[in-house]
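Data first, discussion second: the structure below is written as structure tokens.
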Amino acid sequence: METISGTLRIYRICPEEMTIGQIRKYFSSFSDDCPVGRFSIFYDSDSDIIYFGSEPDPKAEDFCIRMLSDIIHAERVLPQYLQNAKTIFMKQVITVLTNCVNKRLSQMPVSSSENNPDSRFVTVADDIFQISKIVSVRRRDEGGRNYIEVFITNKRASIKKEFPSKEFRDSEYDRIAAVLQGV
């Protein structure tokens, strides 16, 4: 097995180095007449390793290294790359990377907001506000319209969010108030 990137867990493996279990698990969807030596890439989720086949492909390997070096960015851009992929091989590479990125992101520790209270956010009707920037929140009724007004520190600016009913507005206000009191 040849190391492409040890820190990112990307390796090149020859079919002779594979176990029967790996072949059964990762190539069960291939037809019976497909030669094992022609595989290009697969992801072993149990050991969290991406394996390339024995034929080097510097562009695909470099692409994997770039994507896995910043998996937060990769999570955003890989779906776009998949839509624009021209070859079956690149679709395979992007699919494998997407699976790997999703698994690695799910295993990342979630940072505690208590360590940095300024990094906490609250949603208000599909908008996200940084809690440390909110000065106050008020309920408003004007002309039969029900909304919440969020005042932020940005030059005394405010943002109004309209709701279809007072009940819905009040429940959203109570939720936001509880979050802000907990800070």
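All values below were derived from every heavy atom in this structure, side-chain atoms included, with hydrogens, water molecules and symmetry-related copies excluded.
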Would you give the length of the straight line joining atom CD1 of Ile50 to atom CG of Asp44, rounded to the nearest 0.5 angstrom?
-> 10.5 Å
What's the spacing between Thr7 OG1 and Ile65 CD1 if we round to 0.5 Å?
-> 8.5 Å
Side-chain heavy-atom pair [X], [Y] within 4.5 angstrom cut-off:
| X | Y | answer |
| --- | --- | --- |
| Lys91 | Leu82 | yes |
| Lys161 | Val150 | no |
| Ile49 | Tyr43 | no |
| Val77 | Met67 | yes |
| Asp57 | Ser40 | no |
| Glu75 | Thr98 | no |

Is a donor on one side and an acceptor on the other found under 3.5 Å between the side chain of [X] and the backbone of [Y]?
| X | Y | answer |
| --- | --- | --- |
| Asp70 | Arg66 | no |
| Thr87 | Met90 | yes |
| Lys103 | Ser45 | yes |

[X]: which residues meet the side-chain hydrogen bond (donor to acceptor under 3.5 Å, both in side chains) condition with it, sequence neighbours left out?
| X | value |
| --- | --- |
| Asp46 | Lys25 |
| Ser106 | none |
| Asp174 | none |

Any link between [X] and [Y] through a network of hydrophobic side chains (Ile, Leu, Val, Met, Phe, Trp, Tyr) touching at under 4.5 Å?
| X | Y | answer |
| --- | --- | --- |
| Ile72 | Leu68 | yes |
| Ile41 | Ile88 | no |
| Ile20 | Tyr51 | no |

Listed once per pair and sorted, the side chain to side chain donor-acceptor pair (under 3.5 Å) pairs that draw on residues 136-145, sequence neighbours left out = Arg139-Asp170, Arg140-Glu149, Asp141-Arg169, Glu142-Tyr147, Arg145-Glu162
Identify each donor-acceptor pair in which a side-chain atom of residues 8-18 lies under 3.5 Å from a protein atom, sequence neighbours left out, and give them as a table.
residue: Arg9; atom: NE; partner: Asp48; partner atom: O; Å: 3.1
residue: Arg9; atom: NE; partner: Asp48; partner atom: OD2; Å: 3.2
residue: Arg9; atom: NH2; partner: Asp48; partner atom: OD2; Å: 2.3
residue: Arg12; atom: NH1; partner: Glu2; partner atom: OE1; Å: 2.9
residue: Arg12; atom: NH1; partner: Glu2; partner atom: OE2; Å: 2.8
residue: Arg12; atom: NH2; partner: Glu61; partner atom: OE1; Å: 2.9
residue: Arg12; atom: NH2; partner: Glu61; partner atom: OE2; Å: 2.2
residue: Glu17; atom: OE1; partner: Met1; partner atom: N; Å: 3.4
residue: Glu17; atom: OE1; partner: Cys14; partner atom: N; Å: 2.8
residue: Glu17; atom: OE2; partner: Met1; partner atom: N; Å: 2.1

Write down the atom of Cys64, the atom of Phe52, and the distance for their closest heavy-atom approach.
-> SG-CZ, 3.6 Å
Quick one: list whatever passes ring-ring contact (aromatic ring centres under 6.0 Å, His included) with Tyr81, sequence neighbours left out.
-> Phe63
